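Worksheet for the structure shown next.
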Amino acid sequence: MHSISLVLQIVVILAVGRALAEVIRRLGQPVVIAEMLTGFVLGPAALGELFPQWIGAVFPVSGIGGLQALGEIGLALFMFVVGAELCLPSSAPRGARLASTLVGTLSIAVPALLALAIAPLLFSYAPVGVAFWPFALFFSLAMATTAVPVMAHMLKERGQVNSDAGMISLSAATLGDVFVWLSLPLVLGIAKAKTDLAGATGTIMGLLVLVAIAMLLVRPLVATRWSRAPAGKVGMGTIGALLAGALTFAAITDWLGLHSVFGALLFGLCLPRDKRLLAALEDAILPISALVLLPCFFAVAGLNTTGDGFRGVGPVLILVLMVAIIGKLAGGAMGAKLAGRSWQTAVSVGVLMNTRGMMELVVLKIGYDAGLLSGTQFSMIFIMAIVTTAMTNPLLNLIDRFLRQPEPIGLHAASGSSDVADTTDIEPA
């Protein structure tokens, strides 16, 4: 009976997701927005409000454990590929690297500081027992997040991956991702220390040991084995061994009291930056992960939203949207202008840095599972993630129409393809 219920849940999720994807495509938006909306539409804030008995029968509160498990596996596999793809660009010209560093720094600092300024207001909606500073630090990281895969997919569709704005934004977002994923475990450790200092100390020490094992033992071992592998097609044995390693690391960080995504991402970072290996991982993992498992994660995330979470919080939601949009836009544009870019490029970079996509949902889910966010807070930031992602393409179209200027001659020829451009294929579709 439970297996039949799980299959029915997956069928409903995929059907609603495909229907939304057709609508989203016609609106010129990336498919990831449809996937993000699927759980929201099925949740208590939408269809759950209109058809509570039907939604309650298909997605009972006590009957989504299997769905959540599948979503966690899909998320771990996706973050493993993200870790394998994640690399800082080295082939871009010096000017582009300087611009990326400035944009990356300011597009984190500005929204994070603005988030800290409004954190006391949002803290009034926090779960009982949560201390202010763990919540405030987590909220700041959530507001500073940018989704490299979604941004790369948008740029690829627009033919602007190797444009000046595209290269700067992708590189800066990669720097931001590194900062966010390094900071999140520390914030979770601080939150845990408020209630269990000994447990938090063990968690942080365990994580440091795991990072040391990964960087000093696993990474050299994988590199050595890969260098000895025959050229040609990557075998299923290799893919299976890497999957086992990623899931093992995911299980360890979960056991440490952190989220499983940290272990999967860490193991991905241990892999050599070899395009043949990365392509094989994408071909083997992403189809099933993106088509079946990740939609389960999106659905569970959306089911965490609540209709009550939007009642009486309109002004606060608007404030969250303003801080999110202005923070990223101002930080990204300021960084690009300080690097000497045109207003068209600077504003384009600021708009692109506002692309939050599924990475925001991953961060939110981690905070929600850790007890740092209430349903109301989760719902507000969830809506912010969808709005800021959906507004990217329309704003870029307006910029191209009204601010278009000739790009500096010779920049693209000198820069070639950035390493980050390889992430264009890792967005779930």
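For this chain, numbers begin at 1 and follow the sequence in order. Keep in mind that what you see is a predicted model, and the values were worked out from it rather than measured.
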(request) Verify, without hydrogens or angle tests, whether E360 (side chain) and T146 (backbone) share a donor-acceptor contact under 3.5 angstrom. (result) no
(message) Is it the case that over 12 heavy atoms from other parts of the model lie below 6.0 angstrom from the CE atom of M205?
(response) no
(message) Please check: side-chain N/O of R273 versus main-chain N/O of L271, any donor-acceptor pairing under 3.5 Å?
(response) yes
(message) Working to the nearest 0.5 angstrom, can you tell me the gap between L42 CG and Q9 CD?
(response) 10.0 Å
(message) So which atom in T174 and which in V148 form the shortest heavy-atom distance, rounded to 0.1 Å?
(response) N-CG2, 3.7 Å
(message) Looking at N354 and K328, would you say the former's side chain and the latter's main chain have a donor-acceptor pair under 3.5 Å?
(response) no
(request) Under the side chain to side chain contact (heavy atoms under 4.5 Å, CB included) rule, collect the residues that match up with L319, sequence neighbours excluded. (result) I118, L121, V323
(message) Is any side-chain heavy atom of I381 closer than 4.5 Å to one of V363?
(response) no
Going by atom type alone, with no hydrogens or angles, which donor-acceptor pairs under 3.5 Å involve a side-chain atom of residues 101-112 and a protein atom two or more places apart or on another chain?
from, atom 1, to, atom 2, distance (Å)
T101, OG1, R97, O, 2.9
T105, OG1, T101, O, 2.8
S107, OG, V103, O, 2.7
S107, OG, G104, O, 3.3

(message) Main chain of M143, side chain of R356: is a donor-acceptor contact present, judged purely on distance under 3.5 Å?
(response) yes
(message) A side-chain contact here means heavy atoms from C-beta on lying under 4.5 Å apart; do F78 and M358 qualify?
(response) yes
(message) Can you tell me how far apart CG (L278) and NZ (K275) are? Round to the nearest 0.5 Å.
(response) 9.5 Å
(request) Could you grab the distance from atom CZ of F132 to atom CG of L122, nearest 0.5 Å is fine? (result) 10.0 Å
(request) Please tell me if the side chains of L373 and Y125 come closer than 4.5 Å, counting only heavy atoms from C-beta onward. (result) no
(request) Return yes if some donor-acceptor pair links the side-chain N/O of S100 with the main-chain N/O of S171 below 3.5 Å, else return no. (result) no
(request) State, without any angle test, whether T355 and T389 hold a side-chain donor-acceptor pair at a distance under 3.5 Å. (result) no
(request) Kindly give the heavy-atom pair with the smallest separation between G17 and A34, and that separation in Å. (result) O-CB, 4.2 Å
(message) Please give me the minimum heavy-atom distance between A223 and P272, naming the atom from each residue.
(response) CA-CG, 4.5 Å
(request) Could you tell me which non-hydrogen atom of I204 sits nearest to which non-hydrogen atom of P185, and how far apart they are? (result) CD1-O, 4.0 Å
(request) Please check if the side chain of S169 supplies one atom and the backbone of G166 the other of a donor-acceptor pair under 3.5 Å. (result) no
(request) Write down the atom of I10, the atom of C296, and the distance for their closest heavy-atom approach. (result) CG1-SG, 4.1 Å
(request) Answer yes or no: is there a donor N or O on one side and an acceptor on the other, between the side chain of Q377 and the main chain of S374, under 3.5 Å? (result) yes
(request) Of all the heavy-atom pairs spanning P220 and L216, show the shortest one and how long it is. (result) CG-O, 3.5 Å
(message) So, taking the atom named CE in M391 and the one named CG in N393, what distance separates them when rounded to the nearest 0.5 Å?
(response) 11.5 Å
(request) State the CG-CG distance between L242 and L247, to the nearest 0.5 angstrom. (result) 11.0 Å
(message) Contact between L321 and M380 at the side-chain level, heavy atoms closer than 4.5 Å - yes or no?
(response) no
(message) Is there a side-chain contact between W54 and V12 in this structure, where contact means two heavy atoms from C-beta onward sitting under 4.5 Å apart?
(response) yes
(request) Name the orientation class of the two ring planes belonging to F135 and F123 (parallel below 30°, tilted from 30 to 60°, perpendicular beyond 60°). (result) tilted
Which atom pairs, donor and acceptor, lie under 3.5 Å between side-chain atoms of residues 256-269 and protein residues at least two apart or in another chain?
from, atom 1, to, atom 2, distance (Å)
H259, ND1, V261, N, 3.3
H259, NE2, E72, OE1, 3.3

(request) Could you tell me whether M322 atom CE has more than 12 heavy atoms of other residues or ligands within 6.0 Å of it? (result) no
(request) Give a yes or no answer on whether the side chain of S124 reaches the backbone of P120 with a donor-acceptor pair at less than 3.5 Å. (result) no
(message) Tell me whether S183 contacts the main-chain N or O of V180 through its side chain, where contact means a donor paired with an acceptor under 3.5 Å.
(response) no
(request) Can you measure from CG (D283) to CD1 (I239) and round to the nearest 0.5 angstrom? (result) 8.5 Å
